Amino acid sequence: MVSSLESLVGTTRNLVTEIPGPKSRALHERRKAVVSAGLTQGFPVYIERAEGAILVDVDGNRLLDLGSGIAVTTIGHAVPELIDAVSQQVAAFTHTCFMVTPYESYVAVCEELANLTPGSHAKTSALFNSGSEAVENAVKIARLATGRQAIVVFDHAYHGRTNLTLALTAKNMPYKDRFGPFAPEIYRVPMSYPYHDGLSGAEAAARAIKIIETQVGAKNVAALLIEPIQGEGGFIVPADGFLPALSQWTTENGAVFIADEIQSGFCRTGDWFAVDHEGVIPDIVATAKGLAGGMPLAAVTGRVELMNQVHEGGLGGTYGGNPVAAVAALATIKTLRDRNLAARARELEGIMLTSLRSLQKDVAIIGDVRGRGAMIAFELVQPGTKDANATAAKSIVNFCNQNGVVAIVCGTYGNVIRLLPPLVITDEQLHDGLSVIAAAVRAAG
Ligand code: PLZ
């Protein structure tokens with residue numbers, strides 16, 4: 001079953017029609033009639049099949065995937081272990097609702113999460129469907145466990161699109177605009193953004209802590225919620241020492257440190273979790289995306305003494321930890337481990353940083369190249385300044401798309417291009433993608 005799928009997809013980028021091709025254009029017309037206009041129209045090629053780092057569209061074009069569906073298909077597309085696990089589970093049973101009649105895979109995922117997330121303390125987990133839902137539940141648990149209300153979040157943060165998580169998300173357009181009112185007791189403080197603020201991690205943490213203590217009050221803080229490397233906000237890597245200092249402050253002040261590892265987790269940054277890089281041990285970790293290889297699954301994992309304060313029935317949801325998604329997570333984690341994909345992420349980091357930094361020397365529009373593992377980005381600026389250049393970002397992504405490369409924009413100012421290749425991408429494929437990016441940047445510069 002598996003091998004017959006593999007033979008249908010080639011390993012190289014190859015365009016056989018204009019982009020988008022005629023079948024994609026026809027589908028796009030159908031879409032316009034029935035799909036809400038509120039959804040972004042990214043790269044309108046309609047996908048029929050995928051394998052590894054290659055997407056095949058309905059016109060037969062082979063595209064190189066440097067987005068992994070926003071950091072989801074970390075183990076690549078059509079991984080045999082995942083196909084087998086999911087197929088067998090679909091045939092066995094698709095749903096019972098874990099709260100009604102449970103099944104083993106849910107428990108096994110929670111065992112993996114307890115082992116893999118940082119710290120050797122006792123942990124329990126609850127499973128959900130989306131990253132937003134995981135973050136919401138992490139906040140609920142932190143408030144219940146501390147008896148406090150205030151949640152501290154950061155500039156450029158992205159935590160989701162539900163009402164509570166929109167309050168936690170920083171950027172107005174397009175996420176929040178006119179969707180309010182938003183939930184109260186959310187406080188935003190400055191992020192460490194080395195390229196723009198020039199502060200050390202300790203200095204940036206002191207700046208944030210001063211605001212928390214004077215404007216919120218340490219004893220009111222239920223949780224500090226942070227993406228260890230910010231995703232949608234622009235792949236902002238805080239200066240060394242920033243996360244440890246904040247983590248220490250929460251410990252000293254009885255607040256919960258929640259790491260939103262939804263985009264950065266599961267080997268994406270070259271460690272199981274981005275906080276591992278500095279040995280930070282969060283009280284609660286929210287995960288999703290790369291956890292289950294494309295099946296919808298999210299988790300909240302935390303210290304048993306926090307998690308288990310919740311009364312029976314206080315957490316749940318019809319589909320959370322669905323058996324098909326749960327076996328997909330087990331197969332994903334096994335694949336990450338067996339193929340040592342964290343190490344592969346670090347190799348990809350080397351290739352991407354070397355290529356982008358040498359490009360940066362030749363052009364005036366790349367202000368910063370940053371990231372870790374296979375979570376790498378470059379920030380586009382007006383030449384000679386650090387002012388955002390969203391126009392360049394748009395034209396670079398457009399050039400990439402026209403040449404069959406999927407790359408995604410991010411950043412509060414829409415001027416950062418992020419590369420999130422599947423960790424199974426080959427060196428040849430990655431060099432090919434980087435050569436298209438280089439051509440795109442030169443054309444834009
Ligand atoms: N926390 C750190 O990156 C999702 C958003 C795509 P959901 N990021 C992609 C879009 O435009 O909607 C994300 C994240 C971090 C939370 C979330 C939310 O996860 O699964 O999209 O709800």
Side-chain angles (χ1 to χ4, degrees), residues 35-43 67-74 127-140 151 153-177 179 186 191 223-238 243 257-266 268-269 273-275 282 284-301 317 319-322 325 328-329 332 371-375 377 397 406-412 414 416-420:
V35 177
S36 167
L39 286 118
T40 299
Q41 309 191 6
F43 179 12
S68 299
I70 320 189
V72 173
T73 51
T74 308
L127 305 183
F128 302 98
N129 306 297
S130 67
S132 304
E133 211 188 339
V135 171
E136 288 235 20
N137 278 280
V139 168
K140 279 161 62 176
I151 306 296
V153 289
F154 290 80
D155 285 339
H156 311 288
Y158 184 93
H159 297 293
R161 290 178 184 265
T162 58
N163 185 267
L164 174 62
T165 57
L166 277 181
L168 302 166
T169 288
K171 188 174 173 176
N172 178 53
M173 210 52 181
Y175 308 124
K176 302 172 77 161
D177 198 57
F179 289 136
I186 312 284
M191 177 67 180
L224 188 148
L225 166 66
I226 190 163
E227 302 156 82
I229 294 180
Q230 289 183 319
E232 306 304 307
F235 279 30
I236 301 164
V237 186
L243 296 172
F257 186 95
I258 306 174
D260 178 343
E261 290 263 9
I262 287 163
Q263 190 153 164
S264 57
F266 289 99
R268 175 54 58 188
T269 65
F273 297 94
V275 287
I284 293 181
V285 183
T287 53
K289 290 188 185 276
L291 164 61
M295 296 301 292
L297 188 71
V300 177
T301 303
Y319 295 111
N322 167 275
T332 299
R372 196 181 304 143
M375 186 170 183
V397 163
V406 180
I408 324 174
V409 170
C410 62
T412 299
V416 180
I417 293 178
R418 53 175 146 176
L419 306 182
L420 290 163

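Predicted model, so just to flag it, every value in this text is computed and none were measured. When a ligand or atom number is given, it counts from 1 through the structure's own listing order.
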Considering only heavy atoms of [X], which atoms of ligand 1 have at least one such atom less than 4.0 Å away?
X: Asp260; value: 1 (N), 2 (C), 15 (C), 16 (C)
X: Ser130; value: 20 (O), 22 (O)
X: Ser132; value: 7 (P), 18 (C), 19 (O), 22 (O)
X: Ile262; value: 1 (N), 13 (C), 14 (C), 15 (C), 16 (C), 17 (C)
X: Arg161; value: 10 (C), 11 (O), 12 (O)
X: Ile70; value: 6 (C), 9 (C)

Taking the side chain as C-beta and beyond, is there a heavy-atom pair between [X] and [Y] under 4.5 Å?
X: Leu168; Y: Leu225; answer: yes
X: Glu227; Y: Ser264; answer: no
X: Ile417; Y: Ile408; answer: no
X: Phe266; Y: Val72; answer: no

For [atom], what's the nearest protein heavy-atom neighbour? Residue, atom name and distance, please.
atom: atom 17 (C) of ligand 1; answer: Tyr158 CE2, 3.7 Å
atom: atom 3 (O) of ligand 1; answer: Gln263 NE2, 2.8 Å
atom: atom 19 (O) of ligand 1; answer: Gly131 CA, 3.3 Å

Nearest candidate to atom 2 (C) of ligand 1, where distance is taken over non-hydrogen atoms, out of Glu227, Glu261, Gln230 = Glu227

Euclidean distance, Ile229 CD1 relative to Arg268 CZ, rounded to 0.5 Å = 11.0 Å

Checking side-chain hydrogen bond (donor to acceptor under 3.5 Å, both in side chains) against His159, which of Thr165, Asp260, Thr169 comes through?
-> Asp260

Qualifying residue, where the test is side-chain hydrogen bond (donor to acceptor under 3.5 Å, both in side chains) with Thr412 and the options are Glu232, Lys171, His156 | His156

Within the structure, does [X] bring an N/O atom to less than 3.5 angstrom of an N/O atom in ligand 1?
X: Gly160; value: no
X: His159; value: no
X: Glu133; value: no
X: Glu232; value: yes

Does Lys289 come within less than 4.0 angstrom of ligand 1, counting non-hydrogen atoms of the residue?
-> yes

Could you tell me whether ligand 1 has any atom less than 4.0 Å away from a heavy atom of Gly231?
-> no

Do other residues, nucleotides or ligands put more than 12 heavy atoms under 6.0 Å from the OH atom of Tyr175?
-> yes

Considering all heavy atoms of both residues, which atom of Ala329 and which atom of Leu297 are nearest to each other, and what is their separation?
-> CB-CD2, 3.6 Å

Kindly say whether Ala71 contributes a backbone atom to a donor-acceptor pair with the side chain of Lys289 at under 3.5 angstrom?
-> no

